[in-house]
Structure formats: structure tokens, C-alpha cells
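Scroll down for the structure; my scribbles are underneath it.
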Amino acid sequence: MNLETLGQVLVETEVVVEPASVALLVDALGTPHAQEVALRLPFFGPTVGGGDSVVGPIELSLERGLAGGQSFEWHRSFRPGERVSVVVSVEDIIDKGTLHLATVLSEYRDADGELIQRQRTVFVERKPAGERAQKAAADDGGEAGEPGDE
Amino acid sequence: MNEQRTSDLEWTPSTAPAVTSEAMRSFVDGVSDPNPVHTDPEFAAKAGLPDVVVQASHTTAIALDALVAQFGVDAILNLDVRLRGPIFPGDEVTVSPVSFGELDRGVELRNQRGDVVATGIVVMRGDPDE
């Protein structure tokens with residue numbers, strides 16, 4: 001990961017809450033309340049500006065990284081068809097032993113600037129095997145960790 | 001709007017419909033996530049996984065769906081989910097209430113094998129920490 005991206009705004013754009021996308025989420029859930037749920041999370045912040053808009057700058061390896069958590073602060077649901085602004089930034093990015101951790105913050109606002117939602121996604125990336133071995137040696141024989149061990 | 005304290009309500013565990021490969025594909029298409037770890041078994045294998053895994057927001061959606069079914073969408077203000085294990089195609093996830101402390105209201109997601117795949121803290125309307 002690129003630790004120098006701390007605090008950087010990676011995406012600042014407008015997006016439309018596409019009914020077709022919401023329908024896909026409803027289909028995926030297949031429950032009586034799926035529509036209400038889908039309108040609470042129709043966007044994934046790290047991909048809202050395009051697939052590589054966050055993964056690229058923070059240099060997240062998809063083969064060594066996974067989402068470790070996600071949090072939402074809801075002020076209201078999205079409305080189908082509405083246009084919203086979104087700002088995606090790197091709230092935190094740290095080196096933690098054999099891992100890199102990054103928190104990506106996404107804030108969605110309506111046309112009046114009112115906050116709709118704050119969404120945070122934490123990515124956990126294992127360092128390459130060589131770096132993990134070096135870290136283990138530096139720790140005087142400590143074992144390399146895996147996501148979930150933290 | 002639901003103004004009741006959830007601690008005063010019955011909250012029963014609920015099991016979501018089994019996650020299918022088609023549902024996983026629909027979800028990642030819906031949120032435009034191109035990460036092949038959710039759709040390509042070969043890529044998942046390179047990442048050390050036995051199969052494709054459910055997208056993060058999909059896991060959150062399963063937890064939220066259970067909460068919405070029991071309390072209504074407007075009652076839920078915050079949800080903080082920690083992913084603790086992968087959800088694979090065919091998995092049936094049960095969402096249950098758990099306690100992490102006096103003020104924190106927790107949810108726990110387990111697969112049909114009993115493995116914890118996620119835990120979460122939810123803040124409801126009317127909670128002291130709202």
C-alpha cells in the first residue's frame with residue numbers, strides 16, 4: 001500500500017442512484033425488505049469513482065488484500081434516480097507489522113449539500129512473503145500474521 | 001419512525017436465503033465492484049481462498065436486512081461490521097443478537113457450519129449513544 005496517500009481525496013464526483021443497480025441488489029438479497037436495504041447501500045465507496053480509482057492510488061493488492069470491515073452512518077436512505085455528490089478519501093493508512101491497513105471514507109451528499117451517508121471500508125493487506133519474513137526475523141523469530149489475527 | 005428502545009424488544013435470530021453465485025454476481029454488478037475475488041474462482045484460488053467470496057457490502061446488507069425486518073429501516077442509524085471470515089456460495093447466514101457490553105448492541109453472523117463470519121455493532125434510534 002502507498003502510505004503517502006493518507007488524507008488524500010481520491011474521488012470527488014457526482015453519481016446517480018440508478019434504479020437498475022438498486023434492482024440488482026434487491027435481486028441479490030431476495031428478501032421482503034431488500035428494497036429498503038438496497039437504498040441504504042447502493043454504492044461501494046472504493047469503487048464509486050470507477051474500479052481502479054481507489055485501489056490504484058492506495059496500491060492495494062487484490063491478491064493479498066481483502067475488506068476487513070465496513071461501517072455506515074445513515075442520515076437517510078438514497079432515493080431512486082437522485083443525483084448525489086460523493087467524496088472518497090483515505091482516512092487512515094498504516095503499517096502494522098506484517099500487514100497494511102487502510103480506512104477509506106466515502107461521504108454522500110444531496111443537491112442541497114445535506115449529508116446522506118458516511119461509509120467507511122477498512123482494507124487489510126498482507127505484505128508480500130519476503131517482507132513478512134523480514135518482519136518475522138526482525139521480531140526475533142515472531143510468526144507472520146494473517147488477516148484476522150489482529 | 002420507531003422510537004422504541006431495542007433492548008425492550010424481542011429480537012430473534014433469522015437466517016438469510018442461501019447465498020448463490022448468481023446473487024453474488026448481481027450484488028457486485030449493482031455496486032460496480034470489479035474485484036474478481038467475488039466472481040472468478042481461479043483468482044480466488046490465487047488469493048489463497050477455496051472459492052469466490054461474498055462482497056463486503058453484501059455481508060453488511062445481510063446483517064442490515066435482518067435488522068430492518070425486525071425494527072424497520074428508520075430505526076437503524078449506524079452499523080459497524082467487522083468481517084471475520086469469508087462467506088462462500090451456498091452458505092446460509094444466520095444473524096443473531098449478541099452483547100458486547102452495556103451500551104453496545106451487537107450482531108453476529110454465522111454460517112451453517114457455525115463459523116462466525118462477521119460481527120457488528122448497531123446504533124438504534126433512542127440508544128444512549130445515538
Side-chain angles (χ1 to χ4, degrees), chain A residues 15 18-55 60-77 117-124 126 146-148 150, chain B residues 14 16-20 22-38 43-49 53-74 76-86 116 118-123:
Chain A
V15 289
E18 295 290 352
S21 297
V22 173
L24 286 169
L25 305 184
V26 172
D27 285 348
L29 290 172
T31 63
H33 296 278
Q35 176 77 16
E36 293 165 277
V37 174
L39 288 173
R40 287 275 165 149
L41 34 78
F43 302 109
F44 181 52
T47 59
V48 74
D52 211 29
S53 58
V54 170
V55 167
L60 171 68
S61 163
L62 296 180
E63 291 186 6
R64 289 183 284 107
L66 280 173
Q70 203 175 28
S71 68
F72 288 81
E73 172 190 326
W74 288 292
H75 292 258
R76 69 166 172 83
S77 299
Q117 172 185 119
R118 279 197 185 94
Q119 179 190 133
R120 290 177 172 86
T121 301
V122 177
F123 288 105
V124 181
R126 283 174 290 132
E146 296 292 335
E150 297 297 301
Chain B
S14 60
V19 179
T20 65
E22 294 75 20
M24 292 171 63
R25 168 72 73 175
S26 284
F27 202 97
V28 298
D29 286 349
V31 296
S32 302
D33 187 345
N35 188 343
V37 78
H38 306 303
F43 185 90
K46 284 184 196 168
L49 296 162
V53 297
V54 161
Q55 207 263 359
S57 297
H58 196 163
T59 301
T60 300
I62 290 170
L64 180 61
D65 191 80
L67 291 164
V68 169
Q70 305 213 24
F71 304 116
V73 71
D74 290 330
I76 298 146
L77 303 179
N78 293 26
L79 180 59
D80 186 349
V81 173
R82 184 163 180 182
L83 305 172
R84 297 187 178 275
V116 176
T119 53
I121 300 290
V122 59
V123 177

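In the text below, chain A, chain B and the rest are named by the order of the sequence lines, each starting its count at 1.
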Looking only at heavy atoms, which two atoms of [X] and [Y] are closest? And how far apart?
X	Y	value
B/His58	A/Ala28	NE2-O, 4.1 Å
A/Val37	B/Ala61	CG1-O, 3.8 Å
A/Ala67	B/Leu83	O-CD1, 3.3 Å

A/Thr47 (side chain) donor-acceptor with B/Val31 (main chain) under 3.5 angstrom: yes
Counting heavy-atom pairs closer than 4.5 Å to chain B, which one of [options] comes out on top?
options	result
A/Gly69, A/Gly68, A/Ser21	A/Gly68
A/Leu41, A/Val48, A/Val122, A/Thr121	A/Leu41
A/Glu63, A/Gln70, A/His33, A/Glu73	A/Gln70

Chi angles and distances behind the side chain to side chain contact (heavy atoms under 4.5 Å, CB included) call for A/Trp74, B/Leu79: CA-CA 9 Å; A/Trp74 288 292; B/Leu79 180 59; 3.6 Å; yes
Measuring from atom [atom1] of [X] to atom [atom2] of [Y], what distance do you get when rounded to the nearest 0.5 angstrom?
X	Y	atom1	atom2	answer
A/Gln119	B/Thr60	CD	OG1	8.5 Å
B/Ile121	A/Ser71	CD1	OG	11.5 Å
B/Asn78	A/Gln117	CG	CD	10.5 Å

In terms of heavy-atom proximity below 4.5 Å to chain A, should [X] be classed as side chain, backbone, both, or neither?
X	value
B/Glu22	neither
B/Ile76	both
B/Ala16	neither
B/Pro86	neither

A/Thr31 versus B/Asp65, side-chain donor and acceptor atoms under 3.5 Å: yes
Heavy-atom proximity to chain B below 4.5 Å, by part of A/Arg76: neither
Any A/Leu24 side-chain heavy atom under 4.5 Å of B/Phe27 side chain: no
Side chain to side chain contact (heavy atoms under 4.5 Å, CB included) between A/Leu62 and B/Phe43, worked out: CA-CA 9 Å; A/Leu62 296 180; B/Phe43 185 90; 3.7 Å; yes
